[in-house]
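Keep in mind that what you see is a predicted model, and the values were worked out from it rather than measured.
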There are 4 protein chains.
Amino acid sequence: MPQRSDAQANRERILDIAEDVFGHGGKSASTEEVARLAGVGIATVFRNFPTKAALLEAVLVRHFNRLQAEAEARLGEQDPGAAFFGFFRHLVAGAATKIALVEALLEAGGFGDSEAAEASHALRRAVGGLLQRAQQAGAVRNDVELPEVYALLVGTSRAAAQAPLDDEVRSRMLAIVFAGLAATGRTKAADFS
Amino acid sequence: MPQRSDAQANRERILDIAEDVFGHGGKSASTEEVARLAGVGIATVFRNFPTKAALLEAVLVRHFNRLQAEAEARLGEQDPGAAFFGFFRHLVAGAATKIALVEALLEAGGFGDSEAAEASHALRRAVGGLLQRAQQAGAVRNDVELPEVYALLVGTSRAAAQAPLDDEVRSRMLAIVFAGLAATGRTKAADFS
Amino acid sequence: MPQRSDAQANRERILDIAEDVFGHGGKSASTEEVARLAGVGIATVFRNFPTKAALLEAVLVRHFNRLQAEAEARLGEQDPGAAFFGFFRHLVAGAATKIALVEALLEAGGFGDSEAAEASHALRRAVGGLLQRAQQAGAVRNDVELPEVYALLVGTSRAAAQAPLDDEVRSRMLAIVFAGLAATGRTKAADFS
Amino acid sequence: MPQRSDAQANRERILDIAEDVFGHGGKSASTEEVARLAGVGIATVFRNFPTKAALLEAVLVRHFNRLQAEAEARLGEQDPGAAFFGFFRHLVAGAATKIALVEALLEAGGFGDSEAAEASHALRRAVGGLLQRAQQAGAVRNDVELPEVYALLVGTSRAAAQAPLDDEVRSRMLAIVFAGLAATGRTKAADFS
DNA sequence: AATGAATGAGCTTTCATTCAT
DNA sequence: GATGAATGAAAGCTCATTCAT
């Protein structure tokens, strides 16, 4: 029972734990477990997030924002191909234990006009930026477009989030996708595999 | 609410509805909804499938068996490349509204030594057969192996199962994956896209 | 599935099995188990006994009637003391695995005007006859009356019906009660222990 | 429906009501009825006792502990015979409306190594203490042992718990048992009847 | 007459959410 | 603000009973 601890700190701790709990157990994990692991009362969770959906959304927004920041940071890298494929790999690797997050990734429009929808779109735009640069640099075929690339990002993340997919298989799976995305056969993309 | 209409027909209708319901809502959809949509009492569902898990398993077994039959039928086709890529496309297209089923696809071993586990492995073996023939025929790179191919099958299915992914995007997504799998650049696989 | 078997035989088999099932599991045992063990369909049970309560009652009536017959048979024995104490011991020993039956023994008035109530009263009267003769013969104290004797019969039966009460303990328990009932200390009653 | 009145008081009220409800209806009485009579929501019952079995156990433990305390208090009495027979009478009188509790009394070992098993054994030991002192004082025959005495305790309680057994009959029933337990004929024990 | 599939009410248990402290 | 006890609406599952065959 933390006394007079800063409310903001509580909110962050709840989000951290929720990300973990929902990541492992899916959205069907219980709010009470979040509260318990966060070391706060259940009512404190509901004070900060009036609804379970709101909590889930907050987790997603934060996660999307992080990914967006990561993507935008890579926009400034020298090698646009390395930037694009590196981000792709980074996102998929990070999804390994975040089932619920990945589930939400594609539901772009499913959030209504919520903050989560906006965060999701912003991430998508950032990925679009990486793709465009990679195409202009000749690292990715010019005839692919964002929707299918994004779908692949989500799909491979989803595959990686399941339990029995070890690192090596994930790597080989990505090598195939990258080969398909690469401008000239698979040679170039293989560099990032 | 039909009574005593025909036991076998009832069982099949329950399975059909359950495939639909669990396909959309995931395994968290309620058994009661299955019963209601099937037009039977809740107890009838539980008479046929003593447990919710048993119902889900029965749905999966039937689905896996269908896919396996489809895969094995294609083993006899003349063009091994067309057989492999055609089946891949077929499976992904069919996954469009079957979220939970796809979820279960990768959980392969998670069923203990149940019937579902065996059905899942049988499907995997059948896919392995298609892959092997396609490689021998030079349609698929020799350095890819079943685990990553299966992961891609699952991942792209998962991506396709989400709501706002229309046919064209799905097709273009698969074109990328097929290009990555194709033996010589993307030329060959593109034929099946 | 017995075909065209005599209906009466079915009824008897159901009663036999029900006595066993309810004896072990109490009245909360399921009717379906009775049907299964009797080798008949569930509907056959309900055709013969329109209600679970009716089945239970039929079991009780038969059991009470048997005990009554046994008691009345002993009325003709030469030694009234041996007749009384012997019947007491017989009833308690027989109760060992018949929880539900014993439960019902004391509920004399609880059956309304049903057949079971009559059977229960008839048994009670028969026990009264044995008691009276034993008292007239000087084997049982004259100041005890049927209500408390019947209560002891039921109580010791109940104790014996519980699982971990082995034969020897039951015997020693009865020896105490018999000593209390005997006219002159415990000497006489001990003869029957 | 009081809210947040006082947790401990609520817990006690639930236990009180449960003792009553299970006492009358046996363990097949519904938890929902306990909640309703206690004036709390069903979930409140399950918050305090995570399982129906746990609730039943808690009721039993409390009951056993009370009886044990009573027995031990009587260990200090001057007249060991009065202590033993008095406790016997007290326990049987108290059982009048506690069918299920009495049922549980003999199932002693049936609880695994739960708290209820320990409480039951402790009670049994306390009764053993009373018995031993009464025997040393010459108030109870030396050749009786705890198992049969305990069985009689349970059996007479069971008999007394049934509906139509009025006070006088119960008293006369006990007089018989006490006469059987008494060291020299029935003279001595009759004093406590 | 016999069957067993179908039924719906009811039970135990869980969980998001509210509210008195 | 924070707490956690209390809530009621499901959910999964069982069982006595009915009814078409």
Practice prompt. Drop me the distance from A:Phe22's CZ to A:Leu15's CG, to the nearest 0.5 angstrom.
Written response: 10.0 Å

Atom pairs and distances, side-chain donor-acceptor, residues 40-47 of chain D, under 3.5 Å, sequence neighbours left out:
none

Worksheet entry | Residue-level proximity of residues 47-55 of chain D to DNA chain F when a heavy atom falls under 4.0 Å | D:Arg47, D:Asn48

Fill in: C:Arg11 CZ to E:dA2 C1', straight-line distance once rounded to whole Å
16 Å

Worksheet item: When the distance from CZ of D:Phe22 to C1' of E:dC11 is rounded to whole Å, what number comes out?
Response: 12 Å

Worksheet, complete the sentence: Across all chains, not counting sequence neighbours, the side-chain contact (heavy atoms from CB on, under 4.5 Å) partners of B:Ala53 are B:Thr51

Discussion item. Just the rounded figure in Å: distance from C1' of F:dT14 to CD of C:Glu33.
Written reply: 14 Å

Worksheet entry | Spatial distance of atom CG (B:Asn48) from atom CD1 (B:Ile14) [nearest 0.5 Å] | 4.5 Å

Worksheet item: Rounded to the Å, how far apart are A:Ile14 CD1 and E:dA16 P?
Response: 14 Å

Worksheet, complete the sentence: Against the side chain of B:Phe46, the closest entry in E:dT18, F:dC13, E:dT7 is F:dC13

Fill in: Nearest-Å distance for atom pair CZ/C1', residues B:Arg13 and E:dA5
13 Å

Worksheet item: Between A:Thr31 and E:dA16, is there a side-chain N or O to OP1/OP2 distance below 4.0 Å?
Response: yes

Item to complete: Check the distance between F:dT3's P and D:Asp6's CG and give it to me in whole angstrom.
Response: 20 Å

Worksheet item: Between B:Asn10 and E:dA5, is there a side-chain N or O to OP1/OP2 distance below 4.0 Å?
Response: no

Worksheet entry | Side-chain donor or acceptor of B:Lys27 paired with backbone N/O of B:Lys52 under 3.5 Å | no

Practice prompt. Looking at every strand, decide which applies to C:Thr44 at a 4.0 Å heavy-atom threshold: base, sugar-phosphate, or nothing.
Written response: base

Side-chain polar contacts of residues 56-65 of chain C - donor-acceptor pairs under 3.5 angstrom, sequence neighbours left out - could you list them?
residue, atom, partner, partner atom, Å
C:Arg62, NH1, C:Glu12, OE1, 3.1
C:Arg62, NH1, C:Asp16, OD1, 2.9
C:Arg62, NH2, C:Asp16, OD1, 2.9
C:Arg62, NH2, C:Glu19, OE1, 2.9
C:Asn65, ND2, C:Val61, O, 3.4

Worksheet item: Can you check whether A:Ala38's main-chain N or O pairs, donor with acceptor, with A:Arg13's side chain at less than 3.5 Å?
Response: yes

Practice prompt. Show the numbers, then the answer: is there a side chain to side chain contact (heavy atoms under 4.5 Å, CB included) between B:Asp20 and B:Leu37?
Written response: CA-CA 10 Å; B:Asp20 204 47; B:Leu37 292 179; 5.9 Å; no

Discussion item. Heavy atoms only, 4.0 Å cut-off, all strands: where does B:Ala35 land among base, sugar-phosphate and nothing?
Written reply: nothing

Practice prompt. Note down the inter-axis angle between the two ends of the helix from E:dA2-F:dT21 to E:dT21-F:dA2, five pairs each, to the nearest 10°.
Written response: 10°

Worksheet entry | Residue whose closest nucleotide on DNA chain E lies nearer the 5' end, D:Ser30 versus A:Ser30 | D:Ser30

Item to complete: Round to a whole Å and report the spacing from CD of B:Glu32 to P of E:dT7.
Response: 13 Å

Which side-chain N or O atoms in residues 28-35 of chain C pair as donor and acceptor under 3.5 Å with protein atoms at least two apart or in another chain?
residue, atom, partner, partner atom, Å
C:Ser30, OG, C:Glu32, N, 3.4
C:Ser30, OG, C:Glu33, N, 3.1

Worksheet item: What integer distance in Å separates D:Ile42:CD1 from F:dA10:C1'?
Response: 13 Å

